[in-house]
Amino acid sequence: RTVRDPVGYRDFWGNADKPYQFLAFCYEWEKCDYGRNSMASSKIPVGLDGSCNGLQHFSAMLRDEIGATATNLSNNTSPADIYGEVAKVTTAKLLGLSDPRAAIWLRVGIDRKCAKRPVMTLPYGATQQSCRQYIMEYVIENWVKFDLDDKLQFDMAKFLTPILWKSIGEVVIAARGAMTWLQKNTTADFMKWLTPLGFPVYQYYQKTKTIEVRTQIAGGCRLLIQDYEDAVPNKVGQRNGVAPNFVHSIDSTHMVMTINTMGDECLAMIHDDFGTHAGYTEKLFVNIRTAFLDLYTNHNPLEEWAEQVGVDKETLPKYGNYNIDEIINASYFFG
């Protein structure tokens, strides 16, 4: 019905998580006679997603066995759910509190969706303040479950934020340690380093001048003006930017290494979503793992970064006992 009349049946496909991808699937599914025609040619990219990819990389480079298990770098018999684990730790903390707001949160329930965005964005520069914002959005979205006056929304989000933030730190101890080490060794001025593939990364945040323009339409706007002649380094920007920029330089390296293992297959690569056509998905599934093994067998990203920016390697975070060879059989690493 959707293929015959997509506009008339948009209530069916339009409510999907990714509606236009689902609509494209409907056309493909009809074209292959609903799975009965094995000779049909598919044009849809099949995506393989990493499990909290930034934390996967920190766990691998630190050989952190706890983080590796939590982010599916090990050959788990079932997929690990790091968001659910943080939710469990948060719930346990709430059970030990006498504050009436804790009882309200326990009644509503802390689920993986509440923890997902704060955990997922941690390696990309998330702060406790941004964590509060994500929780606030969750509160607003689920406010009907709280059965409280609307004016209490911010208070409920503010209450949970430090508890959830501390719970994240208890689940991803090594990754947060690596991020702190990177920030501690960040200079206030221009920084540069090379990825394991030799790609140059430049980091320089500068303070900007802000000019407010009042207009008759929409009240006004704020303009950020870059002054390159008299630029002054933004120390806070340099510090906050180094961990996400570093891990992005490493996960992009993994992407390029994976691409280099493929042949003429069409690829659709978006950050930690690696895609190809259905007929080549099994090959990509394997090559994602061999490229990751190659990266962390032949390179030590933190050590190489320390050498390049002039940091004493003796100060590097401690390494765990995770065996990187496990990645080859890690069924839920990307899937």
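This chain uses plain numbering: 1 for the first residue, then up along the sequence. The figures that follow rest on heavy atoms only: side chains count, while hydrogens, waters and symmetry mates do not.
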Query raised in the report: Trp193 and Gln203: side-chain contact (heavy atoms from CB on, under 4.5 Å), yes or no, with the steps?
Result: CA-CA 9 Å; Trp193 65 89; Gln203 174 176 302; 4.1 Å; yes

Query raised in the report: How many angstroms lie between CG in Asn245 and CG in Leu182, if you round to the nearest 0.5 Å?
Result: 10.5 Å

Report task. Could you give me the CA-CA distance, side-chain angles and deciding distance for Leu160 and Leu94, then say whether side-chain contact (heavy atoms from CB on, under 4.5 Å) is met? Result -> CA-CA 9 Å; Leu160 186 66; Leu94 289 172; 4.1 Å; yes

Requested in this report: Check the hydrophobic clustering (I, L, V, M, F, W, Y; side-chain heavy atoms under 4.5 Å; chains of links allowed) and say if Ile259 and Phe285 are grouped together.
Outcome: yes

Report task. Look at the side-chain heavy atoms of Ile, Leu, Val, Met, Phe, Trp and Tyr, link any pair under 4.5 Å apart, and say whether Ile328 and Leu48 land in one connected group. Result -> yes

Requested in this report: Indicate whether the side chain of Gln133 and that of Glu137 have a donor and an acceptor atom separated by less than 3.5 Å.
Outcome: yes

Query raised in the report: Mind checking whether Glu265 and His277 have side chains closer than 4.5 Å, heavy atoms only?
Result: no

Report summary line: In this structure, NZ of Lys235 is separated from CG of Asp189 (nearest 0.5 Å) by 10.0 Å

Query - ring-ring contact (aromatic ring centres under 6.0 Å, His included) partner of Trp13, the single match among Phe25, Tyr20, Phe22 - result: Tyr20

Report task. Determine whether Met61 and Glu303 make a side-chain contact, defined as any pair of heavy atoms from C-beta on separated by less than 4.5 Å. Result -> no

Query raised in the report: Under 6.0 Å from the CG atom of Asp147, do we count more than 12 heavy atoms belonging to anything else shown?
Result: no

Requested in this report: Compute the ring centroids of His254 and Phe274, then answer whether they are less than 6.0 Å apart.
Outcome: yes

Query raised in the report: Side chains of Pro123 and Asn53: closer than 4.5 Å at any heavy-atom pair?
Result: no

Query raised in the report: Any salt bridge between Lys113 and Asp111, counting N to O under 4.0 Å?
Result: no

Query - For the student: nearest non-hydrogen atoms of Arg1 and Tyr9, plus distance - result: CD-OH, 3.1 Å

Query - Closest contact, heavy atoms only, Trp105 versus Ile110 - result: CE3-CD1, 3.3 Å

**Report entry** Considering all heavy atoms, the nearest Ala126-Pro118 contact
**Finding:** CB-O, 4.4 Å

Requested in this report: Spell out, yes or no, whether Tyr332 and Ile82 are grouped together once hydrophobic residues are joined by side-chain heavy atoms under 4.5 Å, including indirect joins.
Outcome: no

Query raised in the report: Mind checking whether Leu295 and Ile250 have side chains closer than 4.5 Å, heavy atoms only?
Result: yes

Query raised in the report: More than 12 heavy atoms of other residues, nucleotides or ligands under 6.0 Å from CZ of Arg4: is that the case?
Result: no

Report task. Could you tell me the separation between the CG atom of Leu73 and the CZ atom of Phe334, rounded to the nearest 0.5 Å? Result -> 10.0 Å

Requested in this report: Return the minimal non-hydrogen interatomic distance between Cys266 and Thr276, and the atom names on each side.
Outcome: O-OG1, 2.7 Å

Query raised in the report: In terms of hydrophobic clustering (I, L, V, M, F, W, Y; side-chain heavy atoms under 4.5 Å; direct or indirect links), are Trp29 and Val3 co-clustered?
Result: yes

**Report entry** From CG (Leu316) to CG (Leu62), nearest 0.5 Å
**Finding:** 9.0 Å

Query raised in the report: Does the side chain of Leu152 come within less than 4.5 Å of Arg101's, by heavy atoms?
Result: no

Query - Steps toward side-chain contact (heavy atoms from CB on, under 4.5 Å) verdict (Val309, Thr187) - result: CA-CA 9 Å; Val309 301; Thr187 63; over 6 Å; no

**Report entry** Phe292 and Tyr296 aromatic centres sub-6.0 Å
**Finding:** yes

**Report entry** Gap between atom CD1 of Ile168 and atom CD1 of Ile163 - 0.5 Å precision
**Finding:** 12.5 Å

Requested in this report: Consider only side-chain N and O atoms of Tyr280 and Asn287, and report whether a donor and an acceptor are under 3.5 Å apart.
Outcome: no

Query raised in the report: Ile66, Ile327: one ILVMFWY side-chain cluster at the under-4.5 Å cut-off?
Result: no

Requested in this report: From the options Asn76, Asn72, Asp272, select the one residue that forms a side chain to side chain donor-acceptor pair (under 3.5 Å) with Ser51.
Outcome: Asn72

**Report entry** Glu28 and Ser42: side chain donor to acceptor below 3.5 Å
**Finding:** yes

Query raised in the report: If you take all heavy atoms of Trp143 and Asp150, which pair is closest and at what distance?
Result: NE1-OD1, 2.9 Å

Query - Lys184, NZ atom: more than 12 neighbouring heavy atoms under 6.0 Å - result: no

Query raised in the report: Should Glu30 and Thr2 be marked as a side-chain contact (heavy atoms from CB on, under 4.5 Å) after you check the CA-CA gap, both sets of side-chain angles, and the distance that decides it?
Result: CA-CA 10 Å; Glu30 189 271 343; Thr2 295; over 6 Å; no

Query raised in the report: Is the count of non-hydrogen atoms from other residues, nucleotides or ligands lying under 6.0 Å from Lys192 atom NZ greater than 12?
Result: no

Query - Heavy-atom pair with the smallest gap, counting every atom of Ser167 and Val86 - result: CB-O, 4.1 Å

Query raised in the report: Just wondering, more than 12 heavy atoms not from Phe199 lying within 6.0 Å of its CZ?
Result: no

Requested in this report: Mark yes when over 12 heavy atoms from residues, nucleotides or ligands other than Lys88 sit less than 6.0 Å from its NZ; otherwise mark no.
Outcome: no

Query raised in the report: Going from CG on Asn329 to OG on Ser74, what distance comes out if it is rounded to the nearest 0.5 angstrom?
Result: 11.0 Å

